[in-house]
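Computed from a predicted structure; not experimentally measured. Atoms within each ligand, like the ligands themselves, are counted from 1 in listed order. Each residue takes its place number in the sequence, starting with 1.
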Amino acid sequence: MFKKILIANRGEIAVRIIRACREMGIATVAVYSQADANSLSVQLADESVCVGPGPGKDSYLNVANIVSAALITGAEAIHPGYGFLSEVASFAEICAAVGIKFIGPSVDAIERMGDKATARATAKKAGVPTVPGSEGILATEADAIRTAHKIGYPVVVKATAGGGGRGIRVVEDEDELARVFKMAQAEAAASFGNADVYLEKYIRRMRHIEVQILGDEHGNCLHLGERECSVQTVRHQKVVEEAPSASLSPGMRKRIGESAVKAAKAVGYANAGTVEFIYTPEEEFYFMEMNTRIQVEHPVTEAVTGIDLVQWQIRIAAGERLSFQQRSIEWTGHSIECRVTAQDPNRGFAPAAGTLTTVRLPGGLGVRVDTQIYSGYTVPPFYDSNLAKVIVWAPDRLQAIQRMRCALGELVIEGSPTNVSFLQRILSDDRYLANEISTAFLPKLMEEAGLTI
Ligand code: ADP
Ligand code: ADP
Ligand code: MG
């Protein structure tokens, strides 16, 4: 096992990884930007190294500084968390070149799943269903129009290098496609440094169902069941997630899980990863993409399986074999996660920064809070607006919802606007309670409530 790990991230996920390391007796090195000197991860880690100024591109994306920090402190491995360098194949490659273990899949797997059009082709070849769409990258506007005509409108134009809900554009008809195609390419080039786009049929009433994968470096690969992530803003950002999905039968869970394993095995996947699917009202599922990293919403899977995903990421990277088999994985009860952000729902969800004068976190049986915030903590303006993840577990879905309402009711954050009232509104909506949701649910609810983003 590693003796020391560097965590190349910030916020709650850095804290989460430090906790996993500490329980395993592994020393930790936190890296931080000048804007994060007072962060909880710096306070909790055994050592810390400043890697640059506030903006992410100068610090948490500064490969030379991060790799140097690992070499200087003698860290044997780097955990990249999510976002930042977690899905950057060249970073994993540099780590390998200097003898540092990257805690994640192989460079090859990151490359083959990181490019979404390639990932789609890989899944299709492996026999995993994909939604009708283009065969790979669209070279010209004429190609796009021809493909869209064939599959029928509406369609969605996606940046092959996109992520975090960005680089996705729904197109209703041919006029619109002609108007926006070049714009989509230009935006993709500006945002992701890659202009390539592809096209898929837009499924209006879909559920976002994703499957957690764990593979070791000895060829074993299994799934830990699904997460329901259909409660998303109109910008395709997840807000509330649950495990299991209340809409999958055990038979469907098995089928979709086996498909996810198939997609992962197609690239020899080792470590934790997530295969995302479109799930239709007709109970069909289609591969959407694979995230080759730990996911924000991983705790709901941990809650229902009892398996510590971050510890397993570390064990797998150290060469250990999975100690359980597919048939020994059991799912118990129901878990929900709410993403608490520093966004003001009444002001277009504008992100806020500033000092949190008072923070009081909820607790009690079945309540977990993963967060970097504390009373007196100043939220820097440079990063995403996540303040905390509140995760609950209960024997069934309705009890979990009730427990979440109580937990959010206990949560006090003063000094910044938050989205907590918005989360409570979701949790008390009859459609949510009845599990009558799709990715269209939250945009509809926001419209009804007069909230814009
Ligand atoms: P997940 O499926 O794990 O929720 P997301 O795709 O929502 O993953 O985003 C994962 C992480 O990627 C975020 O928590 C954040 O760190 C980063 N990220 C998401 N959106 C953006 C963005 N607009 N700009 C920069 N980073 C982002
Ligand atoms: P990202 O890398 O940004 O996470 P995804 O490909 O996972 O991109 O898509 C993000 C979200 O966009 C999905 O969760 C879903 O809500 C929506 N979406 C993606 N593809 C489609 C589609 N073909 N039809 C309808 N909605 C889609
Ligand atoms: Mg996605």
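The option from E200, M288, E276 that lies nearest to atom 13 (C) of ligand 2, judged by heavy atoms, is M288. Which of H208, K116, R205 comes nearest to atom 14 (O) of ligand 2 through a heavy atom is settled by distance: it is H208.
E276 lies close to the Mg ion (ligand 3), since one of its N, O or S atoms is found at a distance under 2.8 Å.
Classification of the H223-W331 ring pair by plane angle, with boundaries at 30° and 60°, yields parallel.
At a heavy-atom distance under 4.0 Å, no atom of V170 approaches ligand 2. The proximity of I278 to ligand 2, defined as any non-hydrogen pair under 4.0 Å, is limited to the side chain.
At least one heavy atom of K158 sits closer than 4.0 Å to an atom of ligand 2.
Residue G164 has at least one N or O atom closer than 3.5 Å to an N or O atom of ligand 2. Residue Y202 has no N or O atom closer than 3.5 Å to an N or O atom of ligand 2. Ligand 2 has an N or O atom lying under 3.5 Å from an N or O atom of E289, backbone or side chain.
No side-chain N or O of N419 forms a donor-acceptor pair with one of Q343 less than 3.5 Å apart. In this model, a donor atom of one side chain and an acceptor atom of the other lie less than 3.5 Å apart for D115 and T118. Counting only N and O atoms by type, the side chains of S59 and Y32 include no donor and acceptor under 3.5 Å apart.
Annotation: side-chain hydrogen bond (donor to acceptor under 3.5 Å, both in side chains) contacts of R112 (sequence neighbours excluded): D108.
Taking every heavy atom of V156 and a limit of under 4.0 angstrom, the matching atoms of ligand 2 come to 22 (C), 23 (N). The distance from ligand 2 to the heavy atoms of G165 drops below 4.0 Å at these ligand atoms: 1 (P), 3 (O).
E289 contributes atom OE2 as its closest N/O/S atom to the Mg ion (ligand 3).
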Is there a salt bridge (Lys or Arg N to Asp or Glu O under 4.0 Å) between E187 and R169 once you walk through the steps? CA-CA 11 Å; E187 276 175 15; R169 196 186 267 267; 2.9 Å; yes
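Within 6.0 Å of the NZ atom in K124, the count of heavy atoms belonging to other residues, nucleotides or ligands does not exceed 12.
Residue pairs satisfying the salt bridge (Lys or Arg N to Asp or Glu O under 4.0 Å) criterion with at least one member in residues 386-402, sequence neighbours excluded, are listed as follows: E12-K389, E242-R397.
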